[in-house]
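As structure tokens, the structure follows; a few thoughts come after it.
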Amino acid sequence: MMAVKLRAPFNLLQDSIAQIRAGGGGSVINIGSILAYIGEPKLAAYSVSKDGLMTQTKNAASFLNRDRIRVNQINVGWTLTEGERRVKREDEGKGDEWIEQAIATRPFGRLLAPLDIAYAAAYFASDESECVTGSVLDLEQYPVGAPPNS
């Protein structure tokens with residue numbers, strides 16, 4: 001888990017710095033998780049790796065801003081992806097009814113979609129965010145730590 005979720009982004013950033021510098025700067029976007037703050041017991045290693053990525057993002061942003069390299073992170077909440085469908089079906093033995101049950105817990109009537117993440121990434125990659133670095137966007141329907149609406 002640490003090798004893929006934490007060490008790999010570190011190595012990729014290190015390997016790309018020279019090229020980004022040579023281009024006059026740029027944007028690095030790390031994909032984190034809302035579970036960086038605290039996760040389910042079965043996801044402890046995942047949560048720790050994403051929290052480490054968040055710290056890595058902020059440290060890299062602090063160091064690389066002098067080269068006009070921005071480093072930001074999107075902490076993604078519950079998203080309806082093929083991977084999530086597979087986990088629910090294969091690992092948890094649930095049928096497709098889990099989707100309707102999950103949607104019922106969301107205040108905006110749906111789970112996040114990959115396109116929601118793409119819009120956030122497009123902002124961080126664009127010139128519109130040229131002065132933004134070291135930021136973490138929590139892309140979630142509940143503020144971190146807030147209890148679900150009853």
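All figures in this text were calculated on a predicted structure; none of them were measured in a lab. Only this structure's heavy atoms are used, side chains among them; waters, hydrogens and symmetry mates stay out.
Residues Leu53 and Gln73 are in side-chain contact: their nearest non-hydrogen atoms beyond the backbone lie under 4.5 Å apart. You'll find the side chain of Val28 stays beyond 4.5 Å of the side chain of Arg70, heavy atoms only. Looking only at side-chain heavy atoms (C-beta outward), Asn72 and Leu137 stay at 4.5 Å or farther from each other. The shortest side-chain heavy-atom distance between Arg106 and Glu140 falls under the 4.5 Å cut-off. Within the 4.5 Å cutoff, side-chain heavy atoms of Val132 are placed close to those of Tyr123. Using a 4.5 Å heavy-atom cutoff, the side chains of Leu80 and Ile99 are in contact. Counting only heavy atoms from C-beta outward, the side chains of Asp116 and Arg110 approach each other to under 4.5 Å. Looking at Trp98 and Glu84, their side chains come closer than 4.5 Å, going by heavy atoms from C-beta outward.
Rounding to the nearest 0.5 Å gives a distance of 8.0 Å between CD1 of Ile117 and OG1 of Thr81. Between atom OG1 of residue Thr133 and atom NZ of residue Lys58 there is a gap of 9.5 Å, rounded to the nearest 0.5 Å. Distance check: Leu35 CG to Asn75 CG gives 9.0 Å after rounding to the nearest 0.5 Å. Rounded to the nearest 0.5 Å, atoms SG (Cys131) and CG (Asn65) are 11.0 Å apart. Taking CZ from Arg85 and NZ from Lys94, the interatomic distance works out to 14.5 Å, rounded to the nearest 0.5 Å. The CG atom of Asp127 sits 10.0 Å away from the OG atom of Ser27 when rounded to the nearest 0.5 Å.
Between Arg86 and Glu92, no side-chain nitrogen of the basic residue sits less than 4.0 Å from a carboxylate oxygen of the acidic one, so the salt-bridge criterion is not met. The pair Asp51-Lys5 does not count as a salt bridge, with every side-chain nitrogen at least 4.0 angstrom from each carboxylate oxygen. Residues Arg89 and Glu82 are not paired through a salt bridge, judged by the lack of any N-O separation under 4.0 Å between the basic side chain and the carboxylate.
A distance-only check finds no donor-acceptor pair linking the side chain of Glu128 to the backbone of Ser126 [under 3.5 Å].
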Would Val76 and Ile31 satisfy side chain to side chain contact (heavy atoms under 4.5 Å, CB included), going step by step from the backbone distance to the final call? CA-CA 7 Å; Val76 179; Ile31 303 300; 4.0 Å; yes
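Crowding of Arg68 atom CZ: a count of heavy atoms from other residues, nucleotides or ligands under 6.0 Å not exceeding 12. Environment of CD in Gln19: sparse, with no more than 12 heavy atoms of neighbouring residues, nucleotides or ligands closer than 6.0 Å. Environment of CD in Glu100: sparse, with no more than 12 heavy atoms of neighbouring residues, nucleotides or ligands closer than 6.0 Å.
At a threshold of 4.5 Å between side-chain heavy atoms, the hydrophobic network of Ile, Leu, Val, Met, Phe, Trp and Tyr places Ile34 and Val136 in one connected group. Residues Phe63 and Ile20 are members of one and the same hydrophobic cluster, defined by side-chain heavy-atom contacts under 4.5 angstrom among Ile, Leu, Val, Met, Phe, Trp and Tyr. No chain of hydrophobic side-chain contacts below 4.5 Å, direct or via other Ile, Leu, Val, Met, Phe, Trp or Tyr residues, connects Tyr142 to Tyr37.
Heavy atoms only, all atoms of each residue included: Ser129 and Phe124 are closest at OG-O, 3.0 Å. Residue Ile103 comes nearest to Leu111 through the heavy atom pair CG1-N, 4.1 Å, listed as atom of the first residue, atom of the second, then distance. Listed here is the closest heavy atom pair of Leu6 and Ser49: CD1-O, 3.9 Å. When all heavy atoms of Gly77 and Thr79 are compared, the closest pair comes out as O-OG1, 2.8 Å. Closest of all the heavy-atom pairs between Thr55 and Asn59 is O-ND2, 2.8 Å. Between Pro9 and Gln56, the shortest heavy-atom distance links the atoms C-NE2, 3.7 Å.
Checking Thr57 against Asn30 by side-chain atom types alone, a donor-acceptor pair falls below 3.5 Å. Under 3.5 Å, the side chains of Gln141 and Trp78 contain no donor-acceptor pair of N or O atoms.
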